There are 2 protein chains.
Amino acid sequence: MAARTHPPGSDSSSVQDYVKTIYSLSEWRTEPVTSSRLAARLSVANSSVSEMIRKLAELGLVAHKPYRPVELTAEGRRLALAMVRRHRLLETFLVQDLGYRWDEVHDEAEVLEHTVSDTFIDRLDARLGFPSADPHGDPIPTPEGAITLPDARPLDSFDDGHAGRVTRISDEDPQLLRFLAAEDIGLGSVVTVLARIPFGGPLQTRIDTGAGPRDFSFGDELARSIWVESVGEHAGCSLVP
Amino acid sequence: MAARTHPPGSDSSSVQDYVKTIYSLSEWRTEPVTSSRLAARLSVANSSVSEMIRKLAELGLVAHKPYRPVELTAEGRRLALAMVRRHRLLETFLVQDLGYRWDEVHDEAEVLEHTVSDTFIDRLDARLGFPSADPHGDPIPTPEGAITLPDARPLDSFDDGHAGRVTRISDEDPQLLRFLAAEDIGLGSVVTVLARIPFGGPLQTRIDTGAGPRDFSFGDELARSIWVESVGEHAGCSLVP
DNA sequence: CGGTAAATTTAGGTATGCCGAAATTCTGGA
DNA sequence: TCCAGAATTTCGGCATACCTAAATTTACCG
Ligand SMILES: [Mn+2]
Ligand SMILES: [Mn+2]
Ligand SMILES: [Mn+2]
Ligand SMILES: [Mn+2]
């Protein structure tokens, strides 16, 4: 019964989380990764991030000039993708094999990703049939660290008349996921934008989840969390009498 | 992505391991649990154990007078059994569902036991069909903390002529488990003691693993690691011409 | 009934990773 | 160009859990 918290030589779970978060913050949107964005995402003080960034730089995982945004090195990216792979395979396992709901898996995977062995991950991968995306539509990197992002855009960037299939939903907020599930909106749902109400107003859409189309209005946060793959530009007007 | 290593209010994984180890050291043999036995089992300095024991006492998990052995309180025993349940269910899962060998599961369970949620454990339990023992024959406590030890004794306590069925094998040493597997000795094997050679000599037995009986000599360490349930006292002599 | 060897605890120190407050640097108007 | 406010880093501290070396206590043996 080993008491040692983490094997020396390997990266601590904090290091793993920071590197993974740096990757995640720039996976779907390409804004620079600043200390404060990291601090917010990690629920940690800014000063803690500064200190950790110095350490990550010493470890060769990030490139950083003081007061500037941080960027992963090739090695950092490799570690990040390994962690992302772990996280997403674990989420898939929890849904597929243990019957978790898609809003329950993120937090559990967040801690498991640091403690399961490579062997565990490989066995999981095989048992799940080498899935290519997790329950939220996030692509799962290969063991070699290759990843292919679907050609999707956030719903809030769509104009009137555009239609698309939901490809990915951010799993950051469980409440949001629960809400969508209750509304029967999920991966594969087809959304057609009818109208954008300006000044933060809702995005009015027609939505088809398979059980017939209906209208739905997306608020700001919702529209920013949902990523949609284009299925061509129907004349949105034809649906609006 | 929470960076926090362990949620405040709950017990740290060190606390969990110490308490579980205190329980384990007295589960099968009833020698008093001393600092040095704990230190050896946890691969930690004696002084570290002293410090942690003080902390465990403050937490109400152990009763302890300085320079004396330590004992679990009712609350400590509850925590210990919860950890033991987690550990053994995880081991069972790794063997049953992920195809691990019985010598590979201990170390992985040792770290997972601290990170999976109660929900995870409950789902595992159901999915495994509420198993009553782990791959090494160690009984799995109920969610309420009830545990029933089989009426078994270590092989090294058997006299000539006694016969028994292997019920439990200590999972501390993976090499020992691999050796036994290679020799096709496992849970359920029936062992009849033919002779005890004194002064640390081997324990000579006839063993039946289902594929016909054969002779086998157990060394010291082996005989101390194997626990056997009596199946009556055959005239051992009848087997020895 | 000492007196010593073994077991245990205490003392002093290290490494992580976190925090709040204070100092520093950057940046976008005026 | 300058400068205030924002972002970032530095500083001093805290908590956990470990270690080695130096006390301290216990237990056994003569
Ligand atoms: Mn994590
Ligand atoms: Mn996900
Ligand atoms: Mn453990
Ligand atoms: Mn076991």
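FYI, side chains are in, hydrogens and waters are out, and symmetry mates aren't considered; it's all heavy atoms of this structure. Here is the naming used below: chain letters follow the sequence lines, and residue numbers restart at 1 for every chain. These numbers were taken from a predicted model, which means no experiment stands behind them.
For DNA chain C, none of the residues of residues 30-40 of chain A falls under the heavy-atom distance limit of 4.0 Å. Against DNA chain C, the stretch residues 59-70 of chain B makes heavy-atom approaches under 4.0 Å through B/H64, B/P66, B/Y67.
Atoms CG (A/N46) and C1' (C/dT25) sit 14 Å apart, rounded to a whole Å. The separation between A/K55 atom NZ and D/dT10 atom P is 16 Å, rounded to whole Å. Nucleotide C/dT24 holds its C1' atom 14 Å from the CZ atom of A/R54, rounded to whole Å. Rounded to an integer number of Å, the gap from CG of B/L56 to P of D/dT16 is 13 Å. Distance B/M52 CE to C/dT8 C1': 17 Å, rounded to the nearest Å. Taking atom CG of B/L42 as the reference point, atom C1' of D/dC18 lies 12 Å away to the nearest angstrom. Rounded to an integer number of Å, the gap from B/E51 CD to C/dG12 C1' is 11 Å.
Put simply, the residue from A/R86, A/Q16, A/H87 that forms a side chain to side chain donor-acceptor pair (under 3.5 Å) with A/E113 is A/H87.
With A/R196 contributing its side chain and A/F158 its backbone, the two residues share a donor-acceptor pair below 3.5 Å. Of the possible donor and acceptor atoms, one in the side chain of A/R88 sits under 3.5 Å from a partner among the backbone N and O of A/P139. Judged purely by atom type and a 3.5 angstrom limit, B/R78 has no side-chain atom pairing as donor or acceptor with the backbone of B/G145. With hydrogens and angles ignored, the 3.5 Å screen pairs a side-chain donor or acceptor of A/Y100 with a backbone N or O of B/F120.
Residue A/S47 places none of its side-chain N or O atoms closer than 4.0 Å to OP1 or OP2 of D/dT10. A close approach under 4.0 Å does occur between a side-chain nitrogen or oxygen of A/S14 and OP1 or OP2 of C/dC18. Considering only side-chain N and O atoms, A/S48 lies nowhere under 4.0 angstrom from the phosphate OP1 or OP2 of C/dC18.
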Indicate every side-chain donor-acceptor pair of residues 47-61 of chain B with a distance under 3.5 Å to a residue at least two apart or in another chain.
none

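Closest approach to the B/Y18 side chain among C/dC19, D/dC18, C/dT16 is made by D/dC18 (side chain taken as heavy atoms from C-beta onward).
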Step by step, work out the side-chain contact (heavy atoms from CB on, under 4.5 Å) result for A/I121 and A/R85. CA-CA 9 Å; A/I121 289 296; A/R85 175 174 157 80; 4.2 Å; yes
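Look at B/E108 and A/R123 and you find no salt bridge, because none of the NZ, NE, NH1 or NH2 atoms lies under 4.0 Å from a carboxylate O.
Defined by atom type and a distance below 3.5 Å, a donor-acceptor pair is present between the side-chain atoms of B/D17 and B/H114.
Between B/I53 and A/V15, the residue anchored nearer the 5' end of DNA chain C, judged by the nucleotide with its closest heavy atom, is B/I53.
Residue contacts for A/A45: at a heavy-atom cut-off of 4.0 Å it reaches the sugar-phosphate backbone alone, with no base atom in range.
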